[in-house]
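As a basis for the values below, the full set of heavy atoms in this structure was taken, side chains included, without hydrogen atoms, waters or symmetry mates. Nothing here was measured: the structure is a model prediction, and the numbers come from that model.
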Amino acid sequence: MNFNDLIATALSGINEILSTGIVIIASSLLLYNLTRNRNNRVARTSGVVLASVTFAYIVDVYLSLGPNETTALIATRLQWFGLALIPSALFHLSDALLATTGLPSRGRRKAVVWRLYLISFLFFLSAIFTDWLIIPIQANNGIFLDANLASLFPIYVAFFLLICGATFVNLNRARQRCLTAGSERRMAYLQFAILTSA
């Protein structure tokens with residue numbers, strides 16, 4: 001085994017460990033939110049973010065087990081359920097946090113949230129049934145999906161970045177509305193931490 005193979009094996013092992021850890025932590029937080037805070041809007045919307053992250057990473061963990069090529073292709077396409085949903089779920093969470101600070105939506109932000117979920121669902125459908133967003137590529141160690149840069153993938157990236165930017169702005173507005181220095185500081189931490197799921 002040469003040095004490059006050793007490095008690739010080590011990085012692959014580290015990736016599997018991190019993916020498994022993310023699945024365990026995100027699913028634990030999701031189950032905690034669902035069982036303890038069902039009536040809290042912020043907890044419910046953070047549950048959507050956690051479910052998206054969990055779904056995306058659980059497919060990574062499954063793929064590390066080495067399924068056959070057909071199953072791997074189906075699983076990789078299904079992974080886009082979580083990937084497509086993350087920006088909309090983040091915006092939804094930022095809307096819930098903004099409402100918590102005393103600025104509820106008068107219907108406009110709620111309408112935007114549902115439209116974003118619809119767009120995310122359309123991206124998911126295009127990943128499942130077409131090659132407009134992603135293209136399967138046969139490799140030595142399995143099937144990988146590559147971005148279709150000639151079709152929908154640049155639009156998805158623009159959507160992702162735009163919604164993450166809007167999420168950051170909403171969280172900044174929520175931070176500015178905090179009444180105490182402690183809550184403002186916690187909201188500032190959350191403002192940056194929430195985008196890590198992206």
Side-chain angles (χ1 to χ4, degrees), residues 11-38 40-65 67 71-98 100 112-128 133-134 144-147 152-153 156-172 174 186-198:
L11 289 176
S12 178
I14 291 169
N15 185 48
E16 289 176 24
I17 291 169
L18 290 175
S19 294
T20 304
I22 289 170
V23 168
I24 291 169
I25 291 169
S27 59
S28 299
L29 288 171
L30 173 64
L31 292 173
Y32 180 81
N33 278 352
L34 292 177
T35 57
R36 300 273 190 238
N37 300 315
R38 284 183 300 219
N40 185 327
R41 182 176 174 207
V42 172
R44 285 193 314 265
T45 55
S46 69
V48 177
V49 174
L50 290 169
S52 302
V53 171
T54 300
F55 194 84
Y57 275 96
I58 207 162
V59 172
D60 276 348
V61 172
Y62 174 72
L63 291 173
S64 71
L65 299 175
T71 308
L73 179 61
I74 292 169
T76 316
R77 287 186 180 272
L78 285 174
Q79 186 177 30
W80 272 85
F81 178 74
L83 296 174
L85 200 64
I86 285 175
S88 301
L90 288 174
F91 185 84
H92 192 187
L93 179 58
S94 72
D95 175 53
L97 287 166
L98 198 53
T100 301
V112 168
V113 165
W114 290 112
R115 287 185 181 109
L116 292 178
Y117 278 124
L118 176 63
I119 292 169
S120 290
F121 187 68
L122 292 175
F123 278 122
F124 169 64
L125 289 178
S126 70
I128 289 289
L133 186 63
I134 48 177
F144 296 98
L145 294 177
D146 195 17
L152 281 181
F153 194 79
Y156 171 75
V157 170
F159 170 75
F160 193 93
L161 294 174
L162 181 70
I163 300 309
C164 285
T167 298
F168 191 82
V169 168
N170 272 356
L171 290 172
N172 193 52
R186 284 190 297 275
M187 190 65 77
Y189 296 151
L190 184 60
Q191 185 176 7
F192 290 96
I194 198 171
L195 296 178
T196 58
S197 58

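Between the CG atom in Leu97 and the OG1 atom in Thr45 there is a gap of 6.5 Å [rounded to 0.5 Å]. Note that the OG1 atom of Thr100 and the CG atom of Asp95 stand 9.0 Å from one another [nearest 0.5 Å]. Rounded to the nearest 0.5 Å, atoms OG (Ser88) and CG (Leu93) are 12.5 Å apart. Annotation: the span from Leu83 atom CG to Leu133 atom CG amounts to 9.5 Å, rounded to 0.5 Å. With values rounded to the nearest 0.5 angstrom, Leu18 atom CG is found 7.5 Å from Ile14 atom CD1. The distance from the CZ atom of Phe123 to the CZ atom of Phe153 is 10.0 Å, given to the nearest 0.5 Å.
For Phe55, the ring pair (Phe, Tyr, Trp, His ring centres under 6.0 Å) partners are Phe81, not counting sequence neighbours. The side-chain contact (heavy atoms from CB on, under 4.5 Å) test applied to Val112 returns Phe91, Leu116, not counting sequence neighbours. Remark: Thr71 pairs with Asn68 by the side-chain hydrogen bond (donor to acceptor under 3.5 Å, both in side chains) rule, at least two apart or across chains.
Shortest non-hydrogen contact noted between Thr54 and Ser27 is OG1-N, 3.5 Å. Nearest approach of Asp60 to Ser19, heavy atoms of both residues: CB-OG, 4.1 Å. For the pair Tyr117 and Ala89, the tightest heavy-atom approach, listed with the atom from each and the gap, is OH-CA, 3.5 Å.
Side-chain contact check for Leu162 versus Phe159: every heavy-atom pair is 4.5 Å or farther apart. Side-chain atoms of Val49 and Ile86, non-hydrogen and from C-beta on, never get closer than 4.5 Å to each other. When side chains are defined from C-beta on, Ile134 does not count as touching Asp146, because their heavy atoms never get closer than 4.5 Å. Residues Leu85 and His92 fail the side-chain proximity criterion, which asks for heavy atoms closer than 4.5 Å. When side chains are defined from C-beta on, Ser126 does not count as touching Leu122, because their heavy atoms never get closer than 4.5 Å.
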Worked verdict on Thr76 versus Leu63 for side chain to side chain contact (heavy atoms under 4.5 Å, CB included):
CA-CA 8 Å; Thr76 316; Leu63 291 173; 3.7 Å; yes
I'd like to know whether Asn33 forms a side chain to side chain contact (heavy atoms under 4.5 Å, CB included) with Leu50, so could you lay out the CA-CA distance, the side-chain angles of the two residues, the decisive distance to 0.1 Å, and finally the verdict.
CA-CA 10 Å; Asn33 278 352; Leu50 290 169; 3.8 Å; yes
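The backbone N or O of Val59 sits nowhere less than 3.5 Å from a side-chain atom of Gln79 that would complete a donor-acceptor pair. Looking at Ser46, its side chain does come within 3.5 Å of a backbone N or O of Ala43 through a donor-acceptor pair. Proximity of a side-chain donor or acceptor of Ser120 to a complementary backbone N or O of Ala84 within less than 3.5 Å is detected.
The environment of CD1 in Ile58 is sparse: at most 12 heavy-atom neighbours from other residues, nucleotides or ligands sit within 6.0 Å. Heavy-atom contacts from other residues, nucleotides or ligands closer than 6.0 Å to OH of Tyr57 number 12 or fewer.
The aromatic rings of Trp80 and Tyr156 sit perpendicular, their planes meeting at an angle over 60°, well past the 30° parallel limit.
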